[in-house]
A.B. asks: 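I'd like to ask you about the structure that follows.
Keep in mind that this is a model prediction, so the values were computed, not measured. Residue numbers begin at 1 in each chain, while the letters A, B, ... track the order of the sequences.
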Amino acid sequence: MKKTLKKLIGAALENASAKGELNHATMPDIEVEAPKVDTHGDFSTNIAMVMASSQKMPPRKIAETIIANLDDAGQIIAKTEIAGPGFINFFVKTSAWVPFLRKVHEKGARYGASNIGQGHKIQVEFVSSNPTGPLHVGHGRGAAVGDSVGNILAFCGYDVQKEYYINDSGRQIHTLGTSVFLRYREILGAAVQFPEECYQGDYIKDIALGLEREKGRALLEMDENEAIDLCARHAADFIIGGIREDLSAFGVFFDEWFSEQSLYDSGKVDTVIQGFKASGAIYEKEGAQWFRTTDYGDEKDRVVVRKNGQTTYFASDIAYHQDKYDRGFETVIDVWGADHHGYIPRVTASVEASGYKREQFGVILVQLVNLLRGGEPVAMSTRSGEFVTLNDVIQEVGGDAARFIFLTRHYESPLDFDLELAKKKTNDNPVYYVQYVHARISSIIEKGREKGIQSEACEDEVLAKLTQPEEIALIKAMNRYPETIRLGAENMEPHRVTYFLMNLASAFHSYYNKHRVLADDPDLAQARLFLVLAVKTIIRNGLTLLGVSAPEKM
RNA sequence: GCGCCUGUAGCUCAGCCCGGAGAGAGCAACGGACUUCUAAUCCGUAGGUCGCAGGUUCGAAUCCUGCCAGGCGUACCA
């Protein structure tokens, strides 16, 4: 609709300049917006004000000229007016809105999809929690955001891969092994001083218990380092298994689970370090190897190999990111917790040093989640091992509610997640508000079918029966979906979809309460079924992008 | 100290990228609507110097600068 108006205005400008009423030299881009207030029409343009100074004419005069030259051959415009300092407001005929419904029906589940990505290969890496303990609520937010961003990008024509990076190497894994081994010895009767830096959670005991059942006392007879290694691998595998299950329950699936250790095993980390040494990007100082990240805007250089010869996490991260581009991704997006933001300059530096552009690397920083219950903060302490896991939350409030709530905020905004609120089935909790629309419409369509009225097709004359303001409002709301999706993809902001859905749901509930879909007039009933089926299609479509189910019944 | 993020109604937040007309939702408050397709719903009332101060502009919540407040980060940890 917007495009059509732009064309009309463009043609009007051409006409006017052909007649000499406007200066042809400066023709700006035509902006058409949907005003916030209904009284300002369905669409408005500020073109007259933009042109005022270059045309040396008052804006209202220009507006008059444009309107006089409009050629509304398609009979779309009901009324135009000049308002305020020089806006041109357009009121679109209801008869021009109605045919738009066909577009929704034609495209169906693909309505709103586009090809702005043009097959561009993009990787979204998210969650990537260390395999040293179960996922907690914060990871859930990252999972919801990452998954949804991936869905939206794919819907817009990007070739998306979702990846989980497993930090199965390095010190924290060794600590994990030690923790399990100590608990294992404890189970077998040894008196154990359990150090503070070890993982305290009960899940460590469970893993040790499992190991004892499987291997008996065998580990005690091994070399201690070997035993700890074995414990570490066993525990990491076990925990990753649990993480996979939790994520599946949350509706999040990855195309690839990428192991950090594999970068060492394949020699990639070494190769990368050697390469950068040769090029001078890595140098030696005070016995350690440093990466010259300051060349790329970082505030100080960073260590990649410590004095003791061990590599840092950053070393494998350089190799990891290089590997992503080697695998053919043109753009790489990392979803991180906000507490890692200090890490961005150095990874960006490594990407540039590897020969890629800084625009090819993006980080979505997800702010932290405050877990509440009835307004009171829930104690969360990783050290003591007392925390509410993502799985606990899913069990208590359900995956749909959790995902939706995670996506009701811009990811850069801290989020209060209230368990009591998430369970409420009221307007406090918008997920049900939106899902309810889907269920209600399903029920209506079923009733319509029983009466022998179909919802999938509709003749033009019948469709013309849609004239109620609430019906047009619904169509207008749906008309904005493609743009919402495009903005969601361009900015990687799933919450735009969430807000769109709440808005569309609101328009539907209002309509539902005022008008009867299955009206006595069978033609009108059919037209209205055609309308609400389109709403249902879009609701399902949007919920799917968010990873939330669209129930037939509630 | 430096860096990143945030500051909009009593509360929780959209809007800011790309400047437009009286700044929007939901909750809470108050008043209404179920013998009718699902009341997990709807309608109405009330509520705001968009943190503060400058600047750019015909026009600033939106762009620029400075300040204030809160969160996070600032390791040869991950």
A.B. asks: Verify the distance criterion only: is there a donor paired with an acceptor across the side chains of A:Gln274 and A:Asp270 at less than 3.5 Å?
C.D. replies: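 No, A:Asp270 and A:Gln274 have no side-chain donor paired with an acceptor closer than 3.5 Å.
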A.B. asks: What's the base orientation of B:C34: syn (chi within 90° of 0) or anti?
C.D. replies: syn
A.B. asks: When rounded to the nearest Å, what value does the distance between P atoms of B:G3 and B:G66 take?
C.D. replies: 10 Å
A.B. asks: Rounding to the closest angstrom, what is the interatomic distance between B:G10 and B:A33 at atom P?
C.D. replies: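 Nearest-Å result for B:G10 against B:A33 at atom P: 30 Å.
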A.B. asks: So A:Tyr512 and A:Phe508, would you call those rings parallel, tilted or perpendicular, with 30° and 60° as cut-offs?
C.D. replies: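 Answer is tilted, since the angle falls between 30° and 60°.
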A.B. asks: Under 4.0 Å from any atom of RNA chain B, heavy atoms only: list the residues of residues 163-173 of chain A that qualify, in numerical order.
C.D. replies: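 Of all residues in residues 163-173 of chain A, the ones placing a heavy atom under 4.0 Å from RNA chain B are A:Arg171, A:Gln172.
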A.B. asks: May I ask you to decide whether A:Arg233 forms a salt bridge with A:Asp237, counting only side-chain N to carboxylate O separations under 4.0 Å?
C.D. replies: no
A.B. asks: With respect to the side chain of A:Arg496, which nucleotide from B:A78, B:C42, B:G15 is positioned closest?
C.D. replies: B:G15
A.B. asks: Describe, in one word, how the ring planes of A:Phe314 and A:Tyr343 are oriented to each other, choosing from parallel (under 30°), tilted (30 to 60°) and perpendicular (over 60°).
C.D. replies: perpendicular
A.B. asks: Determine which nucleotide pairs with B:A25, using a 3.5 Å limit on both distances of a Watson-Crick or G-U wobble pair.
C.D. replies: B:U12
A.B. asks: B:C37 pairs with which nucleotide, Watson-Crick or G-U wobble, both distances below 3.5 Å?
C.D. replies: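 None - no nucleotide pairs with B:C37, as no candidate has both distances under 3.5 Å.
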A.B. asks: Could you work out the separation of B:A29 and B:A9 based on their C1' atoms and round it to a whole Å?
C.D. replies: 13 Å
A.B. asks: Is A:Asp521 salt-bridged to A:Arg528, going by a charged N under 4.0 Å from an acidic O?
C.D. replies: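 Salt bridge between A:Asp521 and A:Arg528, a charged N being under 4.0 Å from a carboxylate O: no.
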A.B. asks: Go ahead and name the base partner of B:U56; Watson-Crick or wobble counts if both distances stay under 3.5 Å, otherwise write none.
C.D. replies: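 Partner of B:U56: none found under 3.5 Å.
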A.B. asks: Nearest heavy atom decides the nucleotide; on that basis, is A:Val303 or A:Glu81 closer to the 5' end of RNA chain B?
C.D. replies: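 Checking each residue's closest nucleotide, the 5'-ward one belongs to A:Glu81.
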A.B. asks: Both A:His509 and A:Gly287 contact RNA chain B. Which one's nearest nucleotide lies toward the 5' end?
C.D. replies: A:His509
A.B. asks: If the P atom of B:U65 is compared with that of B:A21, how far apart are they to the nearest Å?
C.D. replies: 24 Å
A.B. asks: Are A:Glu450 and A:Lys447 close enough for a salt bridge, meaning some N to O gap below 4.0 Å?
C.D. replies: no
A.B. asks: In terms of side-chain heavy atoms of A:Asn513, which of B:U36, B:C42, B:C5 is nearest?
C.D. replies: B:C42
A.B. asks: Which nucleotide in the set B:G20, B:G73, B:C37 lies at the smallest distance from any side-chain heavy atom of A:Asn46?
C.D. replies: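 Comparing B:G20, B:G73, B:C37 against the side chain of A:Asn46, the answer is B:G20.
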A.B. asks: When you compare the side chains of A:Gln172 and A:Thr132, does any donor N or O come within less than 3.5 Å of an acceptor on the partner?
C.D. replies: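 Side chains of A:Gln172 and A:Thr132: no pair found under 3.5 Å.
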A.B. asks: In the structure shown, which nucleotide is the Watson-Crick or G-U wobble counterpart of B:G7, with both distances under 3.5 Å?
C.D. replies: B:C68
